[in-house]
Amino acid sequence: MPSPRYQVPSPDEAVAQLVGMLDLEELEPLSGPRGSEDRFLGPVFDQAFWRVFGGQVVSQAAIAAMRTVDPERVIHSVHGYFLRPGDATQPIEIAVERLRDGGSFSARRSQAYQGGKPILSMIASFQRPSPGPSHQREMPAHIPDPDQLPTPDELVGHVDHPVMQEWARGRPFEIRHVDRPVYLEADRTPRAANAVWMRARAPLSDDRRLHRAAILYASDYTLLEPILRRHGLYWAKPGIKVASLDHAMWWHREARADEWLLYVQQSPSAQSARGLATGSIYNRDGALVASVAQEGMVRRPQGLKPRVRERLQRSMTRSSAVQRSLEQQYGPIWDARAAHEPLQ
């Protein structure tokens with residue numbers, strides 16, 4: 001539940017909080033059986049949901065690892081497992097083990113803790129940039145520009161719920177949906193694919209480590225949506241349970257998190273209450289910035305109570321003048337996108 005004192009931050013405040021949560025406090029190193037570990041403390045800020053956002057803890061773990069590596073060596077991949085839900089009211093302690101420093105590559109293990117228990121375990125790899133072969137998958141065609149698409153405030157700003165208000169105005173990143181959004185109702189076309197534009201809501205400094213960590217943070221926002229779309233599910237569906245299980249990211253090229261990035265996502269498989277999703281992040285010039293993969297838990301609602309609540313909710317959503325106006329204004333754009341995206 002949200003804190004009773006929770007106030008939705010302004011866009012500038014939300015970005016300042018993002019920068020603040022990535023500005024880790026350095027603690028005394030800790031000696032153990034495998035040698036000394038670097039230790040950091042990651043701040044948290046009030047949010048509408050009690051659980052730490054997965055993008056926050058994985059980006060803090062990445063920044064902690066970056067702080068132990070020569071700045072010449074750039075983070076190029078992370079592989080992390082979410083072990084326990086994090087408490088959004090408690091700071092996060094991060095321990096970094098220096099696994100290897102070779103001629104070109106370095107490796108670090110970051111462990112995030114709350115209350116002495118691990119909530120994330122992650123390995124990160126770094127490289128001193130080197131010349132070599134270069135190619136990339138091309139950015140998809142038929143993608144509308146972000147200024148043709150609705151803002152988050154337009155989509156859910158009218159919903160009087162703290163989580164929806166945070167999604168509308170209080171996130172450090174603005175998300176613009178290329179496909180019909182699945183906040184309040186299911187997609188009309190059951191595709192295991194979608195795309196969004198995203199960028200930080202205020203300018204960031206030129207620190208490339210900050211931009212890589214910020215893109216990692218934002219990569220966790222919508223990556224499970226292809227699974228929801230394919231099975232007629234949506235974020236506000238009463239009784240649904242969705243949680244990230246792991247997260248991997250590969251950075252390919254430099255990019256700024258405060259400029260529009262296209263995030264194209266697909267799900268190749270879902271089974272046993274788990275779904276796999278993959279994503280490709282491009283800048284507006286079509287350069288492939290990063291690739292992402294995540295497996296998530298997705299459980300359908302069970303029992304009569306969620307079905308009754310959903311009928312009431314659906315009736316209110318479909319009778320909403322705001323929803324009708326959105327469909328009238330943006331429906332043709334979303335339908336045209338669906339026509340170009342093959343069913344999966």
Side-chain angles (χ1 to χ4, degrees), residues 21-42 52 54-84 86 91-114 116-136 207-220 244-255 257 276 278-281 288-295:
M21 71 177 60
L22 296 175
D23 184 16
L24 308 181
E25 177 185 348
E26 191 165 345
L27 304 175
E28 286 294 322
L30 181 67
S31 295
R34 293 185 300 273
S36 178
E37 290 183 334
D38 301 272
R39 294 168 61 241
F40 303 88
L41 194 66
V52 173
Q56 173 184 335
V57 65
V58 75
S59 60
Q60 287 179 319
I63 278 284
M66 293 182 208
R67 294 268 292 270
T68 71
V69 176
D70 186 324
E72 183 187 33
R73 299 193 175 205
V74 182
I75 193 168
H76 70 86
S77 69
V78 297
H79 299 256
Y81 281 90
F82 300 106
L83 304 176
R84 291 178 176 84
I92 299 169
E93 183 178 330
I94 302 164
V96 180
E97 182 183 355
R98 303 187 183 209
L99 298 177
R100 180 176 184 269
D101 287 300
S104 298
F105 290 87
S106 294
R108 298 291 186 266
R109 177 185 288 113
S110 289
Q111 303 267 106
Y113 297 89
Q114 282 186 325
K117 295 182 178 180
I119 63 172
L120 173 85
S121 181
M122 186 186 81
I123 290 182
S125 184
F126 299 77
Q127 182 199 18
R128 185 175 64 234
S130 305
S134 179
H135 74 274
Q136 69 161 73
D207 183 351
R208 69 180 180 183
R209 296 182 301 178
L210 174 62
H211 285 274
R212 291 204 170 201
I215 293 171
L216 176 59
Y217 175 97
S219 69
D220 190 39
S244 303
L245 299 175
D246 60 16
H247 199 88
M249 187 172 198
W250 298 262
W251 290 265
H252 308 309
R253 295 167 180 84
E254 296 292 345
L276 176 65
T278 62
S280 300
I281 301 176
L288 181 60
V289 171
S291 299
V292 193
Q294 180 178 99
E295 191 171 45

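Just so it is clear, the model here is predicted, and its values are computed rather than measured.
- The closest side-chain heavy-atom distance from L24 to R67 is below 4.5 Å.
- A distance of 9.0 Å separates OG in S77 from CZ in F105, rounded to the nearest 0.5 Å.
- Inter-residue side-chain proximity for L216 and H247 is flagged as met; some heavy-atom pair is nearer than 4.5 Å.
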How far apart are the C-alpha atoms of Q114 and V52, what are their side-chain angles, what is the distance that settles it, and do they pass the side-chain contact (heavy atoms from CB on, under 4.5 Å) test? CA-CA 11 Å; Q114 282 186 325; V52 173; 4.3 Å; yes
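- Taking both residues in full, the closest heavy atoms of R208 and P71 are given as NH2-O, 3.3 Å, listed atom of the first, atom of the second, then distance.
- Across all non-hydrogen atoms, the minimal contact from L22 to A213 is CD1-CB, 4.0 Å.
- By the salt bridge (Lys or Arg N to Asp or Glu O under 4.0 Å) test, R253 is found to be paired with no residue, residues two or more places apart in sequence or in another chain being considered.
- Between L120 and Q60, every side-chain heavy-atom pair lies at or beyond the 4.5 Å cut-off.
- When the options E26, E93, E97, E28 are evaluated for a salt bridge (charged side-chain N to carboxylate O under 4.0 Å, His left out) with R39, the one that passes is E93.
- Side chains of I63 and M66 form a contact here, defined as non-hydrogen atoms less than 4.5 Å apart.
- Taking the side chain as every heavy atom from C-beta outward, M249 and I281 approach each other to under 4.5 Å.
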Starting from the C-alpha separation in whole Å, work towards a yes-or-no answer on side-chain contact (heavy atoms from CB on, under 4.5 Å) for M122 and F82. CA-CA 9 Å; M122 186 186 81; F82 300 106; over 6 Å; no
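- Residues Q111 and S121 have side chains that bring a donor and an acceptor to within less than 3.5 angstrom of each other.
- With contacts defined as side-chain heavy-atom distances shorter than 4.5 Å, the pair D70/F126 does not qualify.
- For Y113, the OH atom sits in a packed shell: over 12 heavy atoms of surrounding residues, nucleotides or ligands are nearer than 6.0 Å.
- S59 places no side-chain N or O within 3.5 Å of a backbone atom of Y217 that could act as its donor or acceptor partner.
- Taking all atoms of both residues into account, the shortest heavy-atom contact from G103 to R73 is O-NH2, 3.1 Å.
- Between Q127 and S130 the shortest heavy-atom distance is NE2-OG, 3.8 Å.
- Residues passing the salt bridge (Lys or Arg N to Asp or Glu O under 4.0 Å) test with R84: none are found, sequence neighbours excluded.
- With hydrogens and angles ignored, the 3.5 Å screen pairs a side-chain donor or acceptor of H211 with a backbone N or O of A257.
- Taking every heavy atom of both residues into account, G55 and D220 meet most closely at N-OD2, 3.0 Å.
- Between the CD1 atom in I75 and the OG atom in S106 there is a gap of 11.0 Å [rounded to 0.5 Å].
- No donor-acceptor pair under 3.5 Å is formed between the side chain of E37 and the backbone N or O of A95.
- Between K117 and L83, the closest side-chain pair of non-hydrogen atoms is not below 4.5 Å.
- Taking the side chain as every heavy atom from C-beta outward, T68 and F40 approach each other to under 4.5 Å.
- With rounding to the nearest 0.5 Å, the separation of OG in S104 from CZ in R128 is 4.5 Å.
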Please report the C-alpha distance between D207 and R212 in whole Å, then the side-chain angles of each, then the deciding distance to 0.1 Å, and finally whether the salt bridge (charged side-chain N to carboxylate O under 4.0 Å, His left out) criterion is met. CA-CA 9 Å; D207 183 351; R212 291 204 170 201; over 6 Å; no
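- Here CD of Q294 is found 11.0 Å from OG1 of T278. Values are rounded to the nearest 0.5 Å.
- Taking all atoms of both residues into account, the shortest heavy-atom contact from G86 to I119 is CA-CD1, 4.2 Å.
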Please assess V96 against R109 for the test side-chain contact (heavy atoms from CB on, under 4.5 Å), listing each intermediate value before the final yes or no. CA-CA 6 Å; V96 180; R109 177 185 288 113; over 6 Å; no
